[in-house]
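The structure appears below as structure tokens.
Owing to the predicted nature of the structure, the values given are computational and were not obtained by experimental measurement. Just so you know, residue 1 is the first one in the sequence shown, and it goes up from there.
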Amino acid sequence: MTAQLSARELFRAAYENRYTWDKNFPGYTADVQLKMGDQLYSGKIRINSDLSFDVSDVADEEAKKAIHGQVWEIAVHRVRRPFEETHGKNTFEYGATDEMGAVEILVGGKSEGDRYKVRNNEVTLVHRHIHNVVVTINTFSTIDTGEGYLSHTYDSVYHDPKTGEQKGGRQEFEDTYEKIGGYWIMTRRAIRSEEEGKPVTTEFAFSNVALLQPIAV
């Protein structure tokens, strides 16, 4: 009979099972095309080996800002931070198990009030206080890279932490990746939302992805 994992151990295993770029990641460049409704914008992006990044050749400032936000998201989620660095000041305990078999993990300590769900060694729900909002993300499907998982389809909703009032509408995401030169790189992100009761799709497409050459020492 195997001893039951502690809530901390279960969550840590799923946290460490996320796909991230390794220390040898060279960075890459890509062309980007943003489609917002009937509007089409294009430009170029560059993510460096230290995960700093740049967006260029985008004529429209609002479009550039939107692309900048997505590239930041891409880079920040591929950073590997040690579990203790991120969660060392948190405590974890088990909550309920849902009808899909996902186990709730309740957080105390520094990040008290946050909670997660874990199923099949993957985090399927994130409920976190970030700055002045609470974000809730449900993951519906994932990609098994063989080196950790990537979220494929998921949604996000924001709430006011004090009143619980929803801020903005629910957004649905679908991310597509390709393995290029040994690294999984996002090639498409579609975001579906509602504006004034009408469905709106925003799509970011990344093409001509080229890894940067590491500098010889």
Side-chain angles (χ1 to χ4, degrees), residues 18-21 27-48 51-79 117 122-145 148-161 164-180 183-211:
R18 296 169 308 127
Y19 175 78
T20 53
W21 291 324
Y28 67 92
T29 57
D31 295 336
V32 59
Q33 191 173 71
L34 166 59
K35 187 177 181 183
M36 292 196 295
D38 298 330
Q39 302 296 311
L40 206 59
Y41 307 95
S42 60
K44 297 183 181 300
I45 70 160
R46 176 187 174 109
I47 297 180
N48 299 306
L51 302 191
S52 62
F53 63 89
D54 184 50
V55 177
S56 59
D57 296 351
V58 183
D60 183 86
E61 274 306 311
E62 280 300 307
K64 185 174 183 178
K65 187 177 175 182
I67 294 167
H68 190 278
Q70 293 306 313
V71 177
W72 177 83
E73 285 264 345
I74 291 168
V76 78
H77 285 108
R78 299 286 75 80
V79 175
K117 284 185 181 180
E122 296 177 354
V123 177
T124 60
L125 169 97
V126 174
H127 180 85
R128 284 185 62 201
H129 294 69
I130 303 174
H131 305 303
N132 295 317
V133 296
V134 175
V135 60
T136 305
I137 300 167
N138 282 285
T139 298
F140 307 115
S141 64
T142 59
I143 300 163
D144 180 5
T145 70
Y149 74 92
L150 287 161
S151 296
H152 173 52
T153 57
Y154 52 99
D155 70 4
S156 73
V157 180
Y158 291 85
H159 289 90
D160 184 292
E165 184 183 350
Q166 185 169 320
K167 297 167 77 77
R170 174 175 172 266
Q171 292 186 308
E172 297 177 2
F173 295 79
E174 182 178 349
D175 293 348
T176 304
Y177 292 84
E178 288 180 25
K179 194 170 189 181
I180 298 169
Y183 293 95
W184 288 81
I185 307 287
M186 185 186 292
T187 54
R188 178 179 173 271
R189 168 172 283 170
I191 306 171
R192 296 175 187 87
S193 57
E194 276 195 7
E195 286 181 15
E196 298 175 359
K198 295 179 181 177
V200 176
T201 299
T202 302
E203 187 174 321
F204 299 84
F206 303 94
S207 59
N208 297 322
V209 175
L211 295 183

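- For the atom pair OG1 of Thr20 and NE2 of His77, the computed distance is 12.5 Å after rounding to the nearest 0.5 Å.
- Looking at Tyr158 and Gln166, their side chains never come closer than 4.5 Å, going by heavy atoms from C-beta outward.
- Considering only heavy atoms from C-beta on, Trp21 comes within 4.5 Å of Ile185 through its side chain.
- Rounding to the nearest 0.5 Å gives a distance of 5.5 Å between OG1 of Thr201 and CZ of Arg192.
- Between His68 and Phe53, the ring center distance clears the sub-6.0 Å criterion.
- The two residues Asp54 and Ser56 have their closest heavy-atom pair at OD2-CB, 4.1 Å.
- When all heavy atoms of His159 and Gly164 are compared, the pair lying nearest together is CD2-O, 3.1 Å.
- Tyr28 places none of its side-chain heavy atoms less than 4.5 Å from the side chain of Ile180.
- Using a 4.5 Å heavy-atom threshold, the side chains of Asp175 and Leu150 count as separate.
- Going from atom NE2 of His127 over to atom NZ of Lys117 covers 11.5 Å, rounded to the nearest 0.5 Å.
- Just one residue in the list Asp57, Ile45, Asn208 forms a side chain to side chain contact (heavy atoms under 4.5 Å, CB included) with Asp31, and that residue is Asn208.
- Taking both residues in full, the closest heavy atoms of Lys44 and Val32 are given as N-CG1, 3.9 Å, listed atom of the first, atom of the second, then distance.
- Checked by atom type and distance alone, the side chain of Asp155 pairs as donor or acceptor with a backbone atom of Asn138 at under 3.5 Å.
- Judged purely by distance below 3.5 Å, without hydrogens or angles, the side chains of Ser141 and Thr153 pair a donor atom with an acceptor atom.
- Between Phe204 and the options Gln70, Lys35, Glu73, a side chain to side chain contact (heavy atoms under 4.5 Å, CB included) holds for only Gln70.
- Ser52 OG to Arg46 CZ: the interatomic distance, rounded to the nearest 0.5 Å, is 8.5 Å.
- From Tyr177, atom OH reaches atom CZ of Arg189 across 6.0 Å, with rounding to the nearest 0.5 Å.
- In summary, Lys167 and Glu165 do not engage in a salt bridge, as defined by a charged side-chain N under 4.0 Å from a carboxylate O.
- Scanning all heavy atoms of the two residues, the minimum distance from Gly43 to Val58 falls at CA-CG2, 3.8 Å.
- Looking only at distances, a side-chain donor or acceptor of Tyr19 sits under 3.5 Å from a matching main-chain atom of Trp184.
- Here the closest non-hydrogen pair linking Ile74 and Arg78 is O-CG, 3.3 Å.
- In this structure, the side chains of Glu172 and Phe140 stay at 4.5 Å or more apart for every pair of heavy atoms.
- Glu122 CD to Ser151 OG: the interatomic distance, rounded to the nearest 0.5 Å, is 8.0 Å.
- The two residues Ser193 and Gln171 have their closest heavy-atom pair at CB-CG, 4.1 Å.
- Put simply, the side chain of Val123 does not reach to within 4.5 Å of the side chain of Thr139, judged on heavy atoms.
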